[in-house]
Asks: 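Take this structure first; my questions come after.
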Amino acid sequence: MSERFTKGMARNIYYGGSLFFILLFLGLTFDTVTALPDRENRAGLTDTVAEGKEVWEQNDCIGCHTLLGEGAYFAPELGNVFERRGNGNEAAFKAYLNAWINAQPTQAPGRRQMPQFNLSDHEINALAEFLIWTSRIRNNDWPPNVEG
Amino acid sequence: MNQGDTSMKYQSQSVAMPYFVFAIVLFFGQIAFGLIMGLQYIIGDFLFPLIPFNVARMVHTNLLIVWLLFGFMGATYYLVPEEAQRELQSPWLARVLFWVFAIAGTLTIIGYLAVPYARLAELTGNEYFPTMGREFLEQPTITKAGIVLVALGFLYNVGMTVLRGRKTVINMVLMTGLVGLAVMFLFAFYNPSSLTMDKYFWWWVVHLWVEGVWELIMGSILAFVLIKTTGVDREVIEKWLYVIIAMALITGILGTGHHYFFIGAPSYWLWIGSVFSAFEPLPFFMMLLFAFSMVRRRRRNHTNRAATTWALGTSVVAFLGAGVWGFLHTLAPVNYYTHGSQLTAAHGHLAFFGAYAMINLAIISYAVPALRGRPEGNSARAQSLEIASCWLMSLSMLAITVFLTAAGAMQIWLQRWPESGQALSFMATQEKLELFYWLRFGAGVLFAVGLVLYAASFFVGERAGDTAHDAAAATT
Ligand code: HEM
Ligand code: HEM
Ligand SMILES: [Fe+2]
């Protein structure tokens, strides 16, 4: 690097640049946090949805599946499973999810297996509410198609 | 040739040794579980229900993070006294914290494997302070609290050493990185019921670590190894270091936006995230130029060639994994199709390995021989083996990345690109990718061989009469 560009100049860019972008990032974060209640439909985030998120976490579903594209890549995306399996019909989706979770593992030889989590009907219902709520988050229309 | 002045100068540097040894032990565990998952990807019911995939995955990724942390701590204990020119504040505290962290970490891994995850959550009282069940942050809340306590003790110990000693740029940048690491980890305790808020701040741990403060840690360790092995003037090295970390933070902070495209955050992140993260390869490119130009301008030919190889290697592989593979999917219109596919896994592997695994292997390669009384490095035979292991691990990890990239491209083509109705389902697509998964598994076995060779190289030539040490003694 050229001699005219001194260590002091480099240090000042580091301090000044970092400080500037930290502040800008905090400002944008404030704006995002303010905008989120509307984009995710916070009013629809009921106690049941919150409970569903806890069931999701206690069983580490994210260790196999993605949710809105984040997680593991071993099993299907679930942010849009309500559309894929329920066709937008809440009752149909809840019945489907209950049957699915209780049927695991499939024991089909050589096929990827999902564990039996021994969830109650109440917990599966909460999980369904959580996934329905998640599918309605306005997220710039991802995924590209119903397969996720 | 200039030697002697690079040996262990302060007695307390020796507390680094158990940290390095344990890091490598955990690395072995990480790879074992990687191979298990590699097989589960092909033979779906392999080891089921004994080790379900999600359990293998949390063991694999948590061992990765924890061994990297052990490595960073070992590196810090080794280089901070030497830079500060004084003994560590409290070697005793460093030894106690080693055991606390090692035991807590081991118990956590045993917990993952011994009981179903939901039971572990129940046993550790997750309902009272729920933080579990999120990717990379699977640890029980009490383990997370333990990590914070260990970090506080560690920061106090090295912080006091730095404050009371010579304040070099390397020490100050390293401290900033370590404090940043601890501060960002605090967001692991924030787990709101709003999924979008949860995800938004989850990235403050994950992204602001690997594309933020960890780059400061990597840069300062790299600078230290380069000063020691090339003898280049400190002024020059420090200027480079400032430029690298300035670029890292200027691009990386707003670059967080490349994770805010599709989780519910406002649409302006499509622009901000794309534009700033597109420049994130720059600091990695600068590290590459830095390493090669320092080695070209070297004033001494250090006999630890293996350490120099790792230092150059980390700059190249980090640039490929983070810079090239990161850029590949970071623009929003591209990420729309690649998000959460095998391409993400391809990038995650090469980036983590190239940047953070290899910088640790570099400092271990430099420091461990010195700690064992061989400041000139291991014997020539041992070094040749170690350099071979560097190539084998790097090339097999590159192969893993290429096969996963091919799998990802085909996955997108079959499952993401076509309209609903025409697209193949996720599970049907996975079956079509089997060949790539076999190839990835084969490359993974080669990687494991490389790791065994790396560890073995530290035991080669101990008794043989041809160590570099003896050779040097004979010529002086
Ligand atoms: C024998 C070698 C390895 C094999 C076969 C392997 C295999 C795997 C598999 C199957 C996954 C899960 C992917 C999924 O979620 O579906 C994974 C995740 C991961 N592995 Fe490895 N791995 C290996 C070595 C490594 C190494 C050396 C590193 C880093 C130094 C590493 C870092 C990671 C990371 C960061 C993830 C999470 C990736 C993400 O979330 O995108 N792995 N690995
Ligand atoms: C050494 C530095 C880096 C490491 C260790 C790293 C590691 C990772 C990992 C593990 C993930 C997957 C996270 C998950 O599980 O959801 C990821 C995602 C991502 N990384 Fe990096 N990364 C690094 C640097 C970069 C850089 C420099 C860029 C851009 C130029 C980048 C772009 C991305 C993008 C766009 C994603 C999201 C992928 C998706 O949508 O699925 N990364 N990174
Ligand atoms: Fe990122």
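Chain naming here is simple, since letters A, B, ... match the order of the sequence lines and numbering starts at 1 in each. All values below were derived from every heavy atom in this structure, side-chain atoms included, with hydrogens, water molecules and symmetry-related copies excluded.
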Asks: Is it true that A/E129 and A/T48 share a donor-acceptor pair across their side chains at a distance under 3.5 Å?
Replies: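 Distance-only check fails for A/T48 and A/E129.
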Asks: Can you name the one residue among B/T176, B/V173, B/V243, B/L241 that meets side-chain contact (heavy atoms from CB on, under 4.5 Å) with A/Y14?
Replies: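 Running side-chain contact (heavy atoms from CB on, under 4.5 Å) over B/T176, B/V173, B/V243, B/L241 with A/Y14 returns exactly one hit, B/T176.
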Asks: Between B/L208 and chain A, which part of the residue has a heavy atom less than 4.5 Å away: side chain, backbone, both or neither?
Replies: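 It is the side chain, since no backbone atom gets that close.
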Asks: Based on non-hydrogen pairs under 4.5 Å, which of A/T66, A/I13, A/L36 is most in contact with chain B?
Replies: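 Between A/T66, A/I13, A/L36, the count favours A/L36.
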Asks: Please report the shortest heavy-atom distance between B/A407 and B/Y437, naming the atom on each side.
Replies: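 Taking every non-hydrogen atom into account, CB-CE2, 4.3 Å.
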Asks: Can you tell whether the side chains of A/K53 and B/D198 come within less than 4.0 Å, N to carboxylate O?
Replies: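 Salt bridge present between A/K53 and B/D198.
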Asks: Given heavy-atom pairs under 4.5 angstrom as the criterion, report whether the side chain, backbone, both or neither of B/S341 touches chain A.
Replies: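 Answer is backbone: N, CA, C or O of B/S341 sit under 4.5 Å from chain A.
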Asks: Looking at A/M114, A/E70, A/Q58, A/R138, which one has more heavy-atom pairs under 4.5 Å with chain B than the rest?
Replies: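 With the most close heavy-atom pairs to chain B, the winner is A/E70.
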Asks: Identify the heavy atoms of B/H258 and B/S277 that sit nearest to each other, and give their distance.
Replies: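 Minimum heavy-atom contact is ND1-CB, 3.4 Å.
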Asks: With a 3.5 Å cut-off and no angle check, do the side chains of A/H122 and A/E51 form a donor-acceptor pair?
Replies: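 Indeed, the side chains of A/H122 and A/E51 share at least one donor-acceptor pair under 3.5 Å.
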Asks: Which bit of B/V236 is near chain A, if near means a heavy-atom gap under 4.5 Å: side chain, backbone, both or neither?
Replies: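 No part of it gets close to chain A.
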Asks: Taking the six-membered ring of B/Y41 (Phe, Tyr or Trp), confirm whether the NZ or CZ of B/R440 is under 6.0 Å from its centre and within 45° of its axis.
Replies: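 The answer is yes, since B/R440 meets both limits relative to B/Y41.
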Asks: B/Y200 vs B/Y260 aromatic rings, parallel, tilted or perpendicular, using cut-offs 30° and 60°?
Replies: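 Because their plane-to-plane angle is under 30°, the rings of B/Y200 and B/Y260 count as parallel.
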Asks: Select all residues of residues 72-80 of chain A having any heavy atom within less than 4.5 Å of some heavy atom of chain B, and report them by number, or 'none'.
Replies: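 Residues in range: A/A72, A/Y73, A/F74, A/A75, A/P76.
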Asks: Identify which part of B/F136 has an atom lying under 4.5 Å from any heavy atom of chain A, answering side chain, backbone, both or neither.
Replies: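 Neither part; nothing is under 4.5 Å.
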Asks: Ignoring hydrogens and angles, state whether a donor on the side chain of A/E147 or B/S420 is under 3.5 Å from an acceptor on the partner side chain.
Replies: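 Per modelled atom types, A/E147 and B/S420 side chains form no pair under 3.5 Å.
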Asks: Measuring heavy-atom distances to chain A, does B/W240 have an atom under 4.5 Å in its side chain, in its backbone, in both, or in neither?
Replies: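 Both parts, heavy atoms under 4.5 Å.
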Asks: Heavy-atom distance under 4.5 Å to chain A: side chain of B/I237, backbone, both or neither?
Replies: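 Interface part for B/I237: neither.
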Asks: Could you look at B/I42 and say if it's the side chain, the backbone, both or neither that has a heavy atom under 4.5 Å from chain A?
Replies: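 Just its backbone gets close to chain A.
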Asks: What part of B/P52 gets closer than 4.5 Å to chain A, counting heavy atoms only: side chain, backbone, both or neither?
Replies: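 Looking at B/P52, just its side chain touches chain A.
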Asks: Please identify, among B/M197, B/K239, B/Q40, the residue contributing the most non-hydrogen atom pairs under 4.5 Å to chain A.
Replies: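 Option with the greatest count: B/K239.
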Asks: Is any side-chain N of the basic residue among B/E135 and B/R57 closer than 4.0 Å to the acidic one's carboxylate O?
Replies: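 Between B/R57 and B/E135 there is a salt bridge, with a charged N closer than 4.0 Å to a carboxylate O.
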Asks: For chain A, which of B/L424, B/T61, B/I43, B/L195 has the most heavy-atom pairs under 4.5 Å?
Replies: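 Counting heavy-atom pairs under 4.5 Å, the top option is B/L195.
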Asks: Could you have a look at B/Y117, B/F46, B/F262 and say which one has the most heavy-atom pairs with chain A under 4.5 angstrom?
Replies: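 Max contact count across the listed options: B/F262.
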Asks: When heavy-atom pairs shorter than 4.5 Å are enumerated against chain B, which of A/P144, A/G17, A/A50 gives the highest number?
Replies: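 Maximum pair count with chain B is reached by A/P144.
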Asks: Pick whichever of B/E235, B/E431, B/M58 has the most heavy-atom pairs under 4.5 Å with chain A.
Replies: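 Most heavy-atom pairs under 4.5 Å with chain A: B/E235.
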